Number of protein chains: 2
Amino acid sequence: MNIYDIASKAGVSIATVSRVLNGKGNVSEKTKEHVLSIIEEMGYTPNIFARGLGLNSIKMVGILCSDVSDIYYATAVSTIEKELRQSGYDSLLCCTGDNIEDRKKSIDLLLSKRVDAILLVGSTFKEKSDNSHILDAAKNVPFVMINDFIDAPNIYGIVCDDFNAVRENTSIFLEQGLRRIAYLYDADTYSGALKLSGFRAAFTQLNTLSDPELIVRCAHSPEAAREQTLRLLQKQKRRLEAVVTSDDCLAVGALQAAVSAGLQIPHDIQIIGFNNSLLARCANPALTSIDNKVELLSVTAVRTLIDVFAHKNVSNKIVLSAELVKRSTTI
Amino acid sequence: MNIYDIASKAGVSIATVSRVLNGKGNVSEKTKEHVLSIIEEMGYTPNIFARGLGLNSIKMVGILCSDVSDIYYATAVSTIEKELRQSGYDSLLCCTGDNIEDRKKSIDLLLSKRVDAILLVGSTFKEKSDNSHILDAAKNVPFVMINDFIDAPNIYGIVCDDFNAVRENTSIFLEQGLRRIAYLYDADTYSGALKLSGFRAAFTQLNTLSDPELIVRCAHSPEAAREQTLRLLQKQKRRLEAVVTSDDCLAVGALQAAVSAGLQIPHDIQIIGFNNSLLARCANPALTSIDNKVELLSVTAVRTLIDVFAHKNVSNKIVLSAELVKRSTTI
DNA sequence: AATGAATATGTAAGGGCTTACATCCATTTT
DNA sequence: AAAATGGATGTAAGCCCTTACATATTCATT
């Protein structure tokens, strides 16, 4: 069944059917309704490929995500997908892992599927030299990044003010007189770098320096964070007073370490997570966490993209503020 | 740039270029390499729409998921996506929520995008009457369901033996002499129904009956489960001895309730989760959980689908076994 | 009633690929 | 040496839309 069948059954030309389907051009109300009724009656769906051939777009946006099984990215992807659909776009999902080569392939793949744009969830790597494939992709379609930014034409970054989020909350600890503050982080990404500098800046502000031994990189799992925190707790002669983390899942690990070391939380040690995910609510005691507003970031990203499609004037970088959600691991 | 450009640059016909691109038909090794080098040199990518028009497929599978922000579904989608890509298929993601109307729309949408198959993640509803749209869809493309099954042509179910998983683990409690065992569940789905009957069956096996007041349905959040468990703890004259749940996130809520009631875990009360997700590892004390093997289910689903594409003989229902992962909330 | 503008509809030319069928050529067979 | 075979390649039709342009119709204006 194709547009010709509908046209002949409705006694009109295929052009008229097409116009009805696309709501473009002039069709009399009467004809329009008649055609629609035939379409309904025969259960006709236009062939997306033929349509794509004509329009060179099938309203599909590629989502590039390093790992949707991560609860944070999952929330982002979920929000993006919903918001896109509401705007009439579908989502082609591509999870790439953290490997540059794979991501290059994924971008090529999305482009070969003729997506109308690419939305990146999950930070790129710090070595900007390896981002040439993103710049290339942006020559073909708009490229929107969440929690990341590259200053180049046709690239839009929706980021959270991670620097100040960490700086301010670290400062709170410092103002309480604490100095033995550890920082646990996992990835060396754009936003990861911001958070780390935020941590350091809090110390600099007070003309102090953070102890380099207390800044620890570890794998993205509670187990890894637990191990690292236990190590710090054992090694330090002076007691660890607080732990700041780049992700709730690390904070949970730190929390487990503190609990197993018999420390009272938050009296003996305070812990602060990042992302305000389900993990923060599930931890025991419940985790204080910096909410960097994934949903808002995601919605903003999609809206930005829609504006770009509509040739509206859009700023290349949008910065949102994080917000602390206080629970039981801080005073 | 199109296939004609490549053909003329290579001094061959478009048919030959097409044959090289698709690896079909006979092309001499020499010509093939020459054409490939031109393609490489010019950076040519065949137009996916034109190709789709000819083949009526662009190797894309629709993933229908009620909610990717749920950590369990996120893992499933992530695994599916990876496995599909390895088999040369891409994933069109569609999150539908738990609403039948929305799901109908999503299925239509996937079909209109001419996906080669639909993969459903997340159970359908118990009222089979409302599954007519799935049966309809299966007339067009293979339909694979994870954790669900409808016995109809072209529908394949990859399920976990949820019934026995819950039955066996409930039995362990009963064999310990416990009788005041609560069951917390969230959704009234296919696998949800299996789990619930498994719970009941454990009692029936011993010619006992479960207390209907201890079988509680609640929303899918730790907070809701916490509240319900607190209610049970307060109401019951005889002490609650164990809680079985249909999802880790409910188990975490139950755990929080028990902790806040000052109970010793697992001495005073034992708790068992389901799915063995990150939440189980993050809980404190760490949660014993039934692992229903999402990754394996997902991989099996995709492999089944690939077999169906290859017209291999595939059984309509594949049942995998769950496995208990013991942590600190059971004896 | 004649003219022109605006609206409604139709015709036909792409858009870029796949593939059945036709053709050509180099082998092998008799 | 002629015929048969089969591999390599080309031609052209078809897939199903969109849309520029052409034509027909309607309506308002003079």
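By convention in this document, chain letters (A, B, ...) are assigned in the order of the sequence lines, proteins followed by strands, and residues within each chain are numbered from 1. We use all heavy atoms of the structure for the numbers below, so side chains are in, but hydrogens, waters and symmetry mates are not. Computed from a prediction, not measured in an experiment: that's the story for all the values here.
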**Student:** Is the shortest side-chain N to carboxylate O distance from A:Glu101 to A:Lys105 below 4.0 Å?
**Tutor:** no

**Student:** Would you mind reading off the distance between A:Lys113 atom NZ and C:dC17 atom C1', rounded to a whole angstrom?
**Tutor:** 14 Å

**Student:** Identify which one of B:Ile146, B:Ile158, B:Thr304, B:Leu64 satisfies the side-chain contact (heavy atoms from CB on, under 4.5 Å) criterion when paired with B:Leu119.
**Tutor:** B:Ile146

**Student:** Just the rounded figure in Å: distance from C1' of C:dA5 to CG of A:Asn26.
**Tutor:** 13 Å

**Student:** To the nearest angstrom, how far is B:Ile58 atom CD1 from C:dC17 atom C1'?
**Tutor:** 13 Å

**Student:** Enumerate the residues from residues 33-41 of chain A whose closest heavy atom to DNA chain C is under 4.0 Å, giving them by residue number; use none for an empty result.
**Tutor:** none

**Student:** Check whether any side-chain N or O of A:Ser18 sits under 4.0 Å from OP1 or OP2 of D:dT19, and answer yes or no.
**Tutor:** no

**Student:** Could you tell me whether A:Asp90 and B:Lys113 have a side-chain N and a carboxylate O separated by less than 4.0 Å?
**Tutor:** yes

**Student:** Please report the distance, rounded to the nearest Å, between CG in A:Asn56 and P in D:dC17.
**Tutor:** 17 Å

**Student:** Could you check how far CZ of B:Arg19 sits from P of C:dT19, rounded to whole Å?
**Tutor:** 11 Å

**Student:** Rounded to whole Å, how long is the line connecting atom CG of B:Leu55 with atom P of C:dG16?
**Tutor:** 17 Å

**Student:** Among residues 2-16 of chain A, which ones have heavy-atom contacts with DNA chain D below 4.0 Å?
**Tutor:** A:Asn2, A:Ile3, A:Tyr4, A:Ile14, A:Ala15

**Student:** Is any side-chain heavy atom of A:Val35 less than 4.5 Å from a side-chain heavy atom of A:Val12?
**Tutor:** yes

**Student:** B:Lys32 has an atom NZ; how far is it from atom C1' of D:dA8, in whole Å?
**Tutor:** 14 Å

**Student:** With respect to the phosphate group of C:dT18, does any side-chain polar atom (N or O) of B:Lys24 fall under 4.0 Å of OP1 or OP2?
**Tutor:** no

**Student:** Heavy-atom distance under 4.5 Å between the side chains of B:Phe149 and B:Tyr190, does that happen here?
**Tutor:** yes

**Student:** For A:Thr75 and A:Ser78, what are the C-alpha separation, side-chain angles and deciding distance, and is it a side-chain hydrogen bond (donor to acceptor under 3.5 Å, both in side chains)?
**Tutor:** CA-CA 5 Å; A:Thr75 310; A:Ser78 170; over 6 Å; no

**Student:** Is there a donor N/O on one and an acceptor N/O on the other, under 3.5 Å, for the side chain of A:Arg51 and the base of C:dG15?
**Tutor:** no

**Student:** Is there a side-chain hydrogen bond (donor to acceptor under 3.5 Å, both in side chains) between A:Ser69 and A:Asp67 once you walk through the steps?
**Tutor:** CA-CA 5 Å; A:Ser69 69; A:Asp67 176 18; 2.6 Å; yes

**Student:** Report which part of the nucleic acid B:Ser28 touches: base, sugar-phosphate, or nothing (heavy-atom distance under 4.0 Å, all strands).
**Tutor:** sugar-phosphate

**Student:** Are side-chain heavy atoms of B:Asn147 and B:Asn292 found at a separation under 4.5 Å?
**Tutor:** yes

**Student:** Using whole Å, report how far CG of A:Asn22 lies from P of D:dC17.
**Tutor:** 11 Å

**Student:** So if I apply the side-chain contact (heavy atoms from CB on, under 4.5 Å) rule between A:Ile118 and each of A:Val144, A:Leu111, A:Asn140, which one comes out positive?
**Tutor:** A:Leu111

**Student:** Which listed nucleotide (D:dT19, C:dT19, C:dG16) is nearest to the side chain of B:Asn47?
**Tutor:** C:dG16

